Amino acid sequence: MSTATHEAGFPPLGGLTLAQSTMDRGCERRSDPGLLDKIGGAESTAVMLMSAGKTLIRDGKIVLLPSAERVLPPASIYLGRAEEGSEVPAGTDIVLEAVAPQDQGTYDGEWLGLRDVATTLSVQDAGLFVEAAAVSNWHATHTHCPRCGAPTEIESGGWVRRCPEDGSEHYPRTDPAIIVSVVDEQDRLLLGHSAAWPAGRYSTLAGFVEPGESLEAAVIREVEEESGIVVRSPQYLGSQPWPFPSSLMLGFTATATGTETRPDGVEILDVRWFTRVELASAIESGQVQVAGGISIARALIERWYGGPLPEPKEGR
């Protein structure tokens, strides 16, 4: 069944940059052990390249090479089949192939990361890049069985790693994380400054969901831990994959029951309430920088703001 999202109904945040696709991932086809042998070399198969978290970009598009000109290595990953509305013919199978960093120079184009090009890519290319980056990261960090330590073998078109010693199967992991726009009774927005960020950068609060915890409970816990603010009524607004390396960001909004802040001093060094006028002025003056266009944090902030945020004034 198709997993395309470009025609689906979206939650309040709408179709986020990294949350769209024109691909049918073909989950049922992956179980065919001979799938890659069957489609490799076919005119209807294209190859995407990944190397050290980057893909080959030419003229603002992901380079898809003809399969007929290549021999697919055993570790290739099946990404799916293009649907109607894609930039390649519908029915095109796309396979991911890893390229060693020392071999990047043999290809015509520029090797770029997802953060570099996400806002300029088409829906098809952004969706492909997110999928490829996430599954590539998993393969790079899960080469051995977590039960016995034996090297695992790739199966199911690159979507399963099986241990030859104990027979256990291992699947790509996704780590759920909540991110939340906290608003008080005066309709001010709460933003925090992380210890890992440069001075002046602020964003919405976020954190990972713990085992056995609901999303709503994670919202309440993380906000209070990081800012000292207690919130109520978390409302889901939308989600976005964030393959750096394997997160799914689940966006919420919540209402503060008080306004006295207490940053934890470890992860979050400062938290501030902003009116719309205050935030716009701080951004224009260069005193505050907020998340970029590909992040769900930006979408959450702009939803509260009521439209696109202003840009810093020239010379700032």
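Numbers here are sequence positions counted from 1. Not measured: the values here are computed from a predicted model.
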Item to check | Hphob cluster co-occupancy, Val47 + Phe129, side-chain heavy atoms under 4.5 angstrom | outcome: no
Checklist entry - Are side-chain heavy atoms of Trp273 and Asp184 found at a separation under 4.5 Å? => result yes
Checklist entry - Is Val117 reachable from Ile296 through a run of hydrophobic residues whose side-chain heavy atoms are each under 4.5 Å from the next? => result yes
Item to check | Cluster overlap Leu205 with Val288, hydrophobic side-chain contacts below 4.5 Å | outcome: no
Next on the checklist: For the residue pair Arg276 and Trp304, would you count it as a cation-pi contact if the rule is NZ or CZ under 6.0 angstrom from the ring centre and within 45 degrees of the ring axis?
Outcome noted: yes
Checklist entry - Does Ser44 reach the side chain of Ile39, with side-chain heavy atoms less than 4.5 Å apart? => result no
Checklist entry - Is it true that Arg162 and Glu169 have a side-chain N and a carboxylate O under 4.0 angstrom from each other? => result yes
Checklist entry - Which residue pairs pass the ring pair (Phe, Tyr, Trp, His ring centres under 6.0 Å) test when at least one of the two sits in residues 155-176, sequence neighbours left out? => result none
Next on the checklist: Is there a side-chain contact between Glu110 and Leu56 in this structure, where contact means two heavy atoms from C-beta onward sitting under 4.5 Å apart?
Outcome noted: no
Item to check | Non-hydrogen side-chain atoms of Ser227 and Leu190 separated by less than 4.5 Å | outcome: yes
Checklist entry - So, is the end of the Arg188 side chain (NZ or CZ) under 6.0 Å from the ring centre of Phe274 and within 45° of the ring's axis? => result no
Checklist entry - Do Thr255 and Val231 have side-chain heavy atoms sitting under 4.5 Å apart? => result no
Next on the checklist: Are Ile77 and His139 packed together at the side-chain level, in the sense that at least one heavy-atom pair is separated by less than 4.5 angstrom?
Outcome noted: yes
Checklist entry - With no hydrogens and no angle check, do the side chains of Glu83 and Thr22 hold a donor and an acceptor under 3.5 Å apart? => result no
Next on the checklist: Less than 3.5 Å apart, any donor N or O on the side chain of Thr253 or Ser181 sitting next to an acceptor on the other?
Outcome noted: yes
Checklist entry - Is it true that a side-chain atom of Asp270 and a backbone atom of His193 form a donor plus acceptor pair closer than 3.5 Å? => result no
Next on the checklist: Under 4.5 Å between side-chain heavy atoms, counting indirect links through other Ile/Leu/Val/Met/Phe/Trp/Tyr residues: same cluster for Leu72 and Leu35 or not?
Outcome noted: yes
Checklist entry - Do other residues, nucleotides or ligands put more than 12 heavy atoms under 6.0 Å from Arg262 CZ? => result no
